[in-house]
Colleague: 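I am attaching a structure below and will ask some questions about it afterwards.
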There are 2 protein chains.
Amino acid sequence: MTMSHPTTTPNGLLFLTDDQLRKGIEAMFFAYRGFTADPDRILAKHGYGRAHHRAIHFIHRSPGTTVNNLLSILGVTKQSLNRVLRTLVADGLVSNTVGARDKRERHLHLTEKGETLERALSDAQRDRMRYAFRTAGPEAVAGFRQVLEAMMDEDMRHSYEALLDGTE
Amino acid sequence: MTMSHPTTTPNGLLFLTDDQLRKGIEAMFFAYRGFTADPDRILAKHGYGRAHHRAIHFIHRSPGTTVNNLLSILGVTKQSLNRVLRTLVADGLVSNTVGARDKRERHLHLTEKGETLERALSDAQRDRMRYAFRTAGPEAVAGFRQVLEAMMDEDMRHSYEALLDGTE
DNA sequence: TTGGAATGTCAACAAGACTGACGTATTCTA
DNA sequence: TAGAATACGTCAGTCTTGTTGACATTCCAA
């Protein structure tokens, strides 16, 4: 019989079998599919993709953010982001205002229409997250976040923590 | 001051603020980037993408699996999978043998070369998962898996559990 | 004041997903 | 046993989203 739960060894390190780690890997794979499924359905109706969702989400989170700022959070090239941004501006979901202090910068905001779509997307995603959290219970939620935070790259954790400031 | 941890209400349901749920959503987003970062680097060297990784992973997990089987696990179209599979077979990483019982089926196996790449990919991914699990501790690992499993779609959870059979 | 750095835009291309249609071999079933 | 269903492969075309390269504008510092 194989061990199905991590145990602590005399040296104080967690003993982890390849099987336990693989289960974590596959859980991550299948869960992420569920995580994106609901927004994907809504986006498809509007002719958008996940890239649009990500842009909308972080503009909502940090109103007035610049393109460069968004780039470092999203981790894509500016040309890639620009294409998405262009369609969102053209469709009237995002507004694009020249910076007052630095005229090279463009400050991004969601319009009324943009906020409406953001609501629909985040409602759907929160519903699933709420169900998962309630099903698993409060201790599980704490563990979930601890593992995910340890899984991030150094610089991504910085982005993550910067977003958390003021809401913790 | 906002609540930063879930609490239980008199009706027995977890009380979850939008902030708590959003943190879960953003943690998922940033962690998944870390989750795929190491394999992505290795794949890029070989001229492959994530699609190749997924195929290699599940062929390794279920040697002799059929194309149809793989399709339902990966959740892509056969045209999409076929493109990936064709290059893997051409490059000598995957073998493709006609079924003995049912000659319509093709059974997929990793070659020696395929197993070598699989090792490199899964070693990298396991290293990160091990670090995350050790950093977070055993209770956190249990919670992590509980939340992820509750986050999966019904049919994905079936695939996930089917893969677990015999290893739990 | 001028040259370099920073910010953002446009154009072209590639990977990888999708749909739809079709062909072939094989198996199942009425 | 004939016809329907299944398993697999392929061609053609589209879409999203990533990439590089070239370029305009703006700011700043030598």
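Everything numeric here is computed off the predicted structure, so don't read it as measured data. Throughout, a chain's letter reflects where its sequence line sits, starting with A, and its residues are numbered from 1.
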Colleague: Starting from the 5' end of DNA chain D, give me the residue, A:K103 or B:N82, whose nearest nucleotide shows up first.
Modeller: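 The 5'-side residue here is B:N82.
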
Colleague: Between D:dG18, D:dG9, D:dA7, which nucleotide gets closest to the side-chain atoms of B:N68?
Modeller: D:dA7

Colleague: Does A:R119 pair with A:E115 as a salt bridge, N-O distance under 4.0 Å?
Modeller: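 So A:R119 does not pair with A:E115 through a salt bridge.
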
Colleague: Whole-Å distance between D:dG13 P and B:R83 CZ?
Modeller: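 It is 16 Å, rounded to the nearest whole Å.
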
Colleague: Could you give the CZ-to-C1' distance, from B:R106 to D:dT10, as a whole number of Å?
Modeller: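 In whole Å, D:dT10 C1' lies 13 Å from B:R106 CZ.
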
Colleague: Need one value for A:G75: base, sugar-phosphate or nothing, where a base atom within 4.0 Å counts as base even if backbone is also close, heavy atoms only.
Modeller: nothing

Colleague: For residues A:V94 and A:T111, determine if any side-chain heavy atom of one lies less than 4.5 Å from a side-chain heavy atom of the other.
Modeller: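 Not touching, per the 4.5 Å side-chain cut-off.
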
Colleague: I'd like to know if A:Q79 reaches the base of D:dG21 with its side chain such that a donor and an acceptor end up less than 3.5 angstrom apart.
Modeller: yes

Colleague: Expressed in angstrom and rounded to an integer, what is the separation of A:L85 atom CG from D:dT17 atom P?
Modeller: 13 Å

Colleague: Can you measure A:L43 atom CG to D:dC15 atom C1' for me and round it to whole angstrom units?
Modeller: 14 Å

Colleague: Please state how far atom CG in A:N96 lies from atom C1' in D:dT25, giving the value in whole angstrom units.
Modeller: 14 Å

Colleague: Please walk me through it: do A:D40 and A:R50 pass side-chain contact (heavy atoms from CB on, under 4.5 Å)?
Modeller: CA-CA 7 Å; A:D40 281 354; A:R50 254 177 234 179; 2.9 Å; yes

Colleague: What is the distance from CD of A:E105 to C1' of D:dT26, rounded to the nearest Å?
Modeller: 11 Å

Colleague: Any donor and acceptor pair, going by atom type alone, linking the side chain of B:E118 with main-chain N or O of B:H57 inside 3.5 Å?
Modeller: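 Such a contact is absent between B:E118 side chain and B:H57 backbone.
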
Colleague: Identify the 5'-most and 3'-most nucleotides of DNA chain C with at least one atom closer than 4.0 Å to a non-hydrogen atom of chain B.
Modeller: C:dG16 to C:dT27

Colleague: In whole angstrom, what separates A:R101's CZ from D:dT25's P?
Modeller: 23 Å

Colleague: Is it the case that D:dG9 (base atoms only) and B:R86 (side chain only) share a donor and an acceptor within less than 3.5 Å, ignoring hydrogens and angles?
Modeller: no

Colleague: What about A:R104: does its side chain form a donor-acceptor pair under 3.5 Å with the base of D:dT25?
Modeller: no

Colleague: Applying the side chain to side chain contact (heavy atoms under 4.5 Å, CB included) test to B:M129, which of A:Q20, A:M151, A:K23 qualifies?
Modeller: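 Single side chain to side chain contact (heavy atoms under 4.5 Å, CB included) partner of B:M129 among A:Q20, A:M151, A:K23: A:M151.
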
Colleague: Only one of B:N96, B:L93, B:V67 forms a side chain to side chain contact (heavy atoms under 4.5 Å, CB included) with B:L85, so which one is it?
Modeller: B:V67

Colleague: For A:H52 and B:V67, find the nucleotide of DNA chain D closest to each by heavy atoms; which residue's nucleotide sits nearer the 5' end?
Modeller: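 So the residue in question is B:V67.
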
Colleague: I need the single residue from A:I73, A:I56, A:L163 that forms a side chain to side chain contact (heavy atoms under 4.5 Å, CB included) with A:R61. Which is it?
Modeller: A:L163

Colleague: By the 4.0 Å heavy-atom rule, please label B:G99 as base, sugar-phosphate, or nothing.
Modeller: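 Counting heavy atoms under 4.0 Å across all strands, no contact is made by B:G99.
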
Colleague: Round to the nearest Å and state the distance from A:D102 atom CG to D:dC28 atom C1'.
Modeller: 10 Å

